[in-house]
Protein chains: 2
Amino acid sequence: MKSSQVTIHDIARELKISASTVSRALSDNPRISLSTRKKVKELAVKLNYQPNIVASNLRTGRSKTIGVIVPHINRNFFSNVIGGIEETASNAGYRTIITQTCEKYEKEVDNVKALINARVDGILVSISGETHNLDHFNLVKQNKIPLLFFDRVADEIEANKVMVDDFKGAYKAVSHLINEGFRKIVHFAGPPHINVYKNRMLGYLEALNDNKIQQIDGYIFHDCLTEDKGWRSCENMMKYKNKPDAIFSASDISALGAIGYLKASGYDIPGDCAVVGFSNEPFTKIMEPGLTSIDQNSLEIGREVAALFLDEVHSAEKNDYKHIVIEPELIIRSSSLKKGV
Amino acid sequence: MKSSQVTIHDIARELKISASTVSRALSDNPRISLSTRKKVKELAVKLNYQPNIVASNLRTGRSKTIGVIVPHINRNFFSNVIGGIEETASNAGYRTIITQTCEKYEKEVDNVKALINARVDGILVSISGETHNLDHFNLVKQNKIPLLFFDRVADEIEANKVMVDDFKGAYKAVSHLINEGFRKIVHFAGPPHINVYKNRMLGYLEALNDNKIQQIDGYIFHDCLTEDKGWRSCENMMKYKNKPDAIFSASDISALGAIGYLKASGYDIPGDCAVVGFSNEPFTKIMEPGLTSIDQNSLEIGREVAALFLDEVHSAEKNDYKHIVIEPELIIRSSSLKKGV
DNA sequence: ATTATTTGTGCAATCGATTGTACAAAGGTA
DNA sequence: TACCTTTGTACAATCGATTGCACAAATAAT
């Protein structure tokens, strides 16, 4: 019962050749004769030799591993992105280490350091909600490790980035509401220091503006991302003298809260108030009414950012940083469709 | 702009001491004087020294990394389990590498080999649906790498395991339906070679049996896990002469399909047909009617299996393998509540 | 003052794969 | 026969941290 770890030295000893010859034979180095290569490979299979990646990494300085940092692993959006990253990375022979920050700045710093220690070949980040200070990312650059951002990107740091055109997504959503005849449209916004939420708000404002709709005081509810806040914001706004007729929420979750309130209070959706969310969470097509939302093409984001990383690593010359913008898609469901129209 | 990689040799050179002293100082070896330790640590901080984990791993033979293999990373159940694993593992100083099989046997074998190559300190697996041959897991054991299973476990392999009491979950679900007055209960089953689905079916049968309810031919729909299959199985069964009055599905997804069909065909839920699912997916509480389901406590599964791994690694003596069974919880919603009762 | 003990460091080997260079053997040319 | 290529391997250093052992200096014991 031969066990544990077979090394090139074991193979070398058995064939009475040197370890370096074994190493070269296994990597098909043309300087090794075909007959030797064949013998080595056969014995390697027979002994079930598995190269020690750790040793190889130490020698070559590469780890064939990329580190990913996301706010939450168990959010549908992020796990899809990770799926896309993992798919593209593993096809190129890279492993993926996943870490999550739980939106905490401290954990983000820890994770960055842990990944640097692990000597990953690249770090792919979607920034935590709490993060304002970006020094830890400069640490990555100082260590000459490729750093890429996706979705929640740092404007202040030069890097390859993949982001969703949140502005356009929001613009599409609000334009759709306007086309359906809604005019008094409220916005549930996220924290404005996170680029994606800022852009969703700007898209909302632009759509209103382009359609010559006056922006109304109190029609933007800030930091409204949870189900609970969605519920209460909706409750609030329905008491306005100037009662809104539609909601564009930066989050499906708070849209869900709003719909909860509307239904509990006997309002008709979209008759009394239309609702559009953002992210196209799986539940949006299941709930009643189906929630119109913006699909961010999350799998594609993962694939793109991984591909961008591979580019950055493999292209000899230092190209300029690229910013890939993924086009989001409006998914129309009954929560925003004027009946009979 | 000092950059890239600071090593213990850099510190040693600067302090005119040897690298081994630096190494010992950093690990607080009592044989190094306090003053030297202090000097070394201060310089390490100043130079922003990060130990090269790869080198350390090579020398010590440990990688402080665990590998996880799941069928799909973007399933709510699995991403929660992974969250639990990651939380417990990282608290103990371990990193986590995530891989997914997409239910493919081939990918499972590949992933196992990749993790062995990476010299992970342990492998945590939930088996792919396609897997019948278990040889690749013996490879793990031959390499003396701790191997643990969670949720979808291999009965034939001795190992630490964390599973859900699927039998009891199903039993609870069906008993609940019976208590509510339903008697003609159909079961949407999964592939019977996967232990979790087999046990759900057995729990279903036992609950019927304990309540002296005769099992009826054609009341079990095999391999019915997708929304589409749920829809069509439901369509089928509603044509039976002996029409069922309830469904216990081994999956929330196929339960969703069934509810889709029932609503589309104007049936009342649960008046004409009650439905209970399994997994307590997030959408179950949002849909209408809310879907009664079984919560598997997925975060806890992840924590337990990671804790079991830590036990296995740190306990000097080889204890017997443990099988931890997580108690699932019945979450009752309106899809199974006889009205007015 | 001499030997034994403690304390603090350094040396060198090690983990396993990789790779520049040296070198022997085989074949070819004049 | 003498010399030059070509071909196939081996040697040894290297990546950076760890660790058994040796050993010098400082202190204590006799």
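We name chains A, B, ... by the order of the sequence lines, and we start the count at 1 in each one.
In this structure, B:D110 does not pair ionically with B:K104, as no charged nitrogen and carboxylate oxygen lie closer than 4.0 Å. Between A:D10 and A:R13 there is a salt bridge, since at least one side-chain N of the basic residue sits less than 4.0 Å from a carboxylate O of the acidic one. Note on A:K322 versus A:E304: no salt bridge recorded, every NZ/NE/NH1/NH2 to OD/OE distance being 4.0 Å or above.
Note: CD (A:Q50) to P (C:dA17) measures 11 Å, nearest angstrom. Put simply, CG on B:L58 is 14 Å from P on D:dC15, counting in whole angstrom units. Summarising the geometry, the separation between CG on B:L47 and C1' on D:dG16 is reported as 16 Å, rounded to the nearest angstrom. The distance from atom CG of B:D28 to atom P of D:dT18 is 13 Å, rounded to the nearest whole Å. Distance, B:R13 CZ to C:dG10 P: 14 Å, rounded to whole Å. To the nearest angstrom, P of C:dT9 lies 14 Å from CG of B:L26. Whole-Å rounding puts the A:R119 CZ to D:dG16 P distance at 8 Å. Between the P atom of C:dT9 and the CG atom of B:L15 lies a distance of 11 Å, rounded to the nearest Å.
By the side-chain hydrogen bond (donor to acceptor under 3.5 Å, both in side chains) test, B:K46 pairs with no residue at all, sequence neighbours left out. Here B:V140 pairs with B:V112, B:I116, B:I123, B:I145, B:L147 under the side chain to side chain contact (heavy atoms under 4.5 Å, CB included) rule; sequence neighbours left out.
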Using a 4.0 Å heavy-atom cut-off to protein, can you give one letter per nucleotide of nucleotides 18-26 of chain C, 5' to 3': B if the base is in contact, S if only the sugar-phosphate is, - if neither? BBBBB----

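In this structure, the side chain of B:S126 does not engage the main chain of B:D151 through any donor-acceptor pair within 3.5 Å.
Taking five base pairs at each end of the helix from C:dA1-D:dT30 to C:dA30-D:dT1, the local helix axes there meet at an angle of 60°, rounded to 10°.
Considering every non-hydrogen atom in both B:L115 and B:V68, the closest pair reads CD1-N, 4.3 Å.
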One pair to check against ring-ring contact (aromatic ring centres under 6.0 Å, His included): A:H136 and A:Y105. What are the steps and the verdict? CA-CA 10 Å; A:H136 49 306; A:Y105 168 71; 5.5 Å; yes

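Under the 3.5 Å distance criterion, with hydrogens and angles disregarded, a donor-acceptor pair is assigned to the side chains of A:S63 and A:D121. Judged purely by distance below 3.5 Å, without hydrogens or angles, the side chains of B:S20 and B:S23 never pair a donor atom with an acceptor atom.
B:T7 has no side-chain polar atom (N or O) that falls below the 4.0 Å cut-off from OP1 or OP2 of D:dG16.
Note on residues 81-96 of chain A: pairs passing side-chain hydrogen bond (donor to acceptor under 3.5 Å, both in side chains), not counting sequence neighbours, are A:E86-B:Q100, A:E87-A:R303.
At the heavy-atom level, B:I17 lies under 4.0 Å from the strands shown only through sugar-phosphate atoms.
Interface residues of residues 32-46 of chain B facing DNA chain C, ordered by number: B:I32, B:S33, B:T36; criterion, heavy-atom separation under 4.0 Å.
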